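Take a look at the structure below.
Lettering follows sequence order; numbering is per chain, from 1. What you see is a predicted model; the values in this text were computed from it and never measured.
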Protein chains: 2
Amino acid sequence: MVQINKSEKIYEDLKMRILKGEFDENQILPIEKSLELEYNVSRNTIRKAIRQLNSEGLVYSKLGSANVVLQRVAVEDLLIDSGNMERGSKIQTKSNETKVLSLDLIIVDATLAAKSMFQIGTTCYHVIRLRLINGKPVMIDDSFFKSEVVPRLTKKIAQESIYRYIQSVTNHKIIGSRLVDRVILATDLDKNYLALKQENCIGLTQNWAYLDDGQIFEYTEIHFAPEQYVRTRFIGQKVGYIQ
Amino acid sequence: MVQINKSEKIYEDLKMRILKGEFDENQILPIEKSLELEYNVSRNTIRKAIRQLNSEGLVYSKLGSANVVLQRVAVEDLLIDSGNMERGSKIQTKSNETKVLSLDLIIVDATLAAKSMFQIGTTCYHVIRLRLINGKPVMIDDSFFKSEVVPRLTKKIAQESIYRYIQSVTNHKIIGSRLVDRVILATDLDKNYLALKQENCIGLTQNWAYLDDGQIFEYTEIHFAPEQYVRTRFIGQKVGYIQ
DNA sequence: ACTGATTTGTTCGTATGTATC
DNA sequence: AGATACATACGAACAAATCAG
């Protein structure tokens with residue numbers, strides 16, 4: 001069991017209680033004062049937990065009134081919650097396998113530099129991997145890793161976990177990714193590997209991954225078969241903002 | 001000028017300073033103590049502002065070390081930042097137009113109930129709207145609104161702003177949306193209106209919109225032409241989480 | 001490699017503001 | 001109009017990770 005702090009524990013507990021339907025009757029949480037007493041913490045700690053519930057779209061804090069529990073959507077349980085990848089996605093629980101299609105050491109040219117944000121002349125590994133879940137091909141990772149960060153990358157390492165490898169050979173942590181999602185025409189590679197049906201398009205996710213020194217060390221284009229491409233998120237409306 | 005609070009002002013200011021490149025040399029912010037003095041506020045207020053920068057992927061707070069400014073990605077300035085829709089998207093600044101293709105009053109059946117989360121038997125408006133930006137068709141909104149929330153909806157209202165109408169006739173605020181993005185085969189409607197080229201797919205965003213009492217009042221399927229469909233987000237890595 | 005100083009992280013208590021009931 | 005409940009802000013203490021000598 002991981003040791004987490006009070007606000008995190010309270011967040012997890014309240015989330016569980018919400019999803020179990022404990023507050024379905026009135027659709028509001030108990031007032032903050034009573035949560036203080038119940039969990040025996042300060043109001044700030046309660047508020048920190050509720051802030052997390054707000055950002056996930058489980059609760060709306062209504063000034064002067066209450067912390068309102070939002071109506072749930074049926075599909076959401078089935079989906080990988082992209083707004084919550086930090087906690088590990090549900091995909092992890094399934095059997096998955098990686099097939100390395102190619103691995104080359106290359107020098108960054110102008111075209112790649114513009115996309116990847118790597119400097120021209122940088123040496124990096126170009127890795128193409130096919131990802132299978134329960135034996136079914138679901139995505140292709142077309143990746144570039146700064147060789148400085150993953151020295152002596154091999155197919156074997158790429159097949160296991162490059163991230164684990166990085167964290168074992170560097171002092172740096174991987175702290176997050178900036179993602180851009182698009183829909184594009186399928187490439188020949190996609191058609192060969194992704195078992196597309198009628199569709200001639202795929203979901204593309206561009207991924208710039210960061211180390212804790214603030215630098216991008218990886219640029220990946222993830223190609224998804226359409227039915228595999230699903231994203232969920234919650235967006236709070238700014239007061240006064242009108243569509 | 002909107003009146004915003006201290007932490008929000010500091011957040012905006014730091015963001016502007018980051019984007020102007022003020023911290024590019026060391027790629028870190030001044031320490032919190034000196035920001036306290038500079039802005040003449042408490043440390044908590046500084047930390048609240050920095051927390052916002054963290055969630056947007058502009059800064060990574062490194063325990064025991066510094067608030068690291070993350071390397072920027074070139075494309076991000078060009079895009080609608082979906083993680084920041086609360087502040088209004090850039091799309092707003094362009095000239096846009098809405099064409100109402102149809103408007104009907106219907107009763108929710110089992111199929112629609114399952115998707116929309118409306119109860120079977122609810123009366124609602126079914127509205128299909130074509131959205132144009134700078135004269136170019138970019139998306140189709142296939143929407144269902146609870147008639148209880150938008151009584152006497154007309155084509156004229158739908159062409160202007162349904163949201164503005166709602167906020168004028170109800171006591172309730174619109175507080176946010178849960179979104180699910182997918183890639184699907186284009187329908188005939190899409191092919192007719194979205195000026196697709198070779199592509200036979202579109203980007204689909206399902207949108208459940210909430211009122212401040214926690215209830216869903218709108219379900220919309222937004223159909224995007226592929227080149228119009230772009231999403232950006234930042235996902236922080238949970239410590240110990242390995243791909 | 002160790003120690004002390006520095007810096008961010010969490011929590012507490014309190015006061016005051018603002019919207020709602 | 002008064003009470004209630006969430007929002008913002010301050011100051012302080014201590015923990016945990018990092019950094020500098």
Look for any protein N or O under 3.5 Å of an N or O in nucleotides 11-21 of chain D and output each such pair with its distance, or none.
{"from": "D/dG11", "atom 1": "O6", "to": "B/Asn44", "atom 2": "ND2", "distance (Å)": "2.6"}

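Residues B/Ile18 and B/Leu70 fail the side-chain proximity criterion, which asks for heavy atoms closer than 4.5 Å. Taking 4.5 Å as the limit, some side-chain heavy atom of A/Tyr219 sits within range of a side-chain heavy atom of A/Gln206. Using a 4.5 Å heavy-atom cutoff, the side chains of B/Glu160 and B/Ile157 are not in contact.
The distance between atom OH of A/Tyr60 and atom P of D/dA5, rounded to the nearest whole Å, is 18 Å. In this entry the distance linking CG of A/Leu35 with P of D/dT4 reads 18 Å, nearest Å. Regarding B/Leu37, its CG atom lies at a distance of 13 Å from the P atom of D/dC10, rounded to whole Å. Remark: C1' of D/dA9 and CG of B/Asn5 are 10 Å apart, rounded to the nearest angstrom. Residue A/Ile50 contributes atom CD1, which lies 13 Å from atom P of D/dA5 at whole-angstrom precision. Remark: C1' of D/dC6 and CD1 of B/Ile175 are 15 Å apart, rounded to the nearest angstrom. Distance, A/Arg51 CZ to D/dC6 P: 14 Å, rounded to whole Å.
Mapped onto DNA chain C by nearest heavy atom, B/Lys33 and A/Ser7 fall at different nucleotides, with B/Lys33 at the one closer to the 5' end.
Between A/Glu56 and A/Lys15 there is a salt bridge, since at least one side-chain N of the basic residue sits less than 4.0 Å from a carboxylate O of the acidic one.
For A/Glu148, the CD atom is loosely surrounded, since the number of other residues' heavy atoms within 6.0 Å does not exceed 12.
The shortest distance between the side-chain N/O atoms of A/Arg47 and the OP1/OP2 oxygens of D/dA7 is below 4.0 Å.
In 5' to 3' order, the nucleotides of DNA chain C bounding all contacts with chain A (an atom under 4.0 Å from a heavy atom) are C/dT10 to C/dC21.
Not one N or O on the side chain of B/Thr45 forms a donor-acceptor pair closer than 3.5 Å with the backbone of B/Val41.
Residues A/Arg231 and A/Phe224 come closest through the heavy atom pair NH2-CE1, 3.2 Å.
Separation of atoms OG1 (B/Thr154) and CD (B/Gln159) is listed at 9.5 Å; rounding is to 0.5 Å. Considering CG of A/Leu204 and CD1 of A/Ile222, their distance stands at 8.5 Å, rounded to 0.5 Å.
Among the nucleotides D/dA7, D/dA9, D/dA5, the one closest to the side chain of A/Glu32 is D/dA7.
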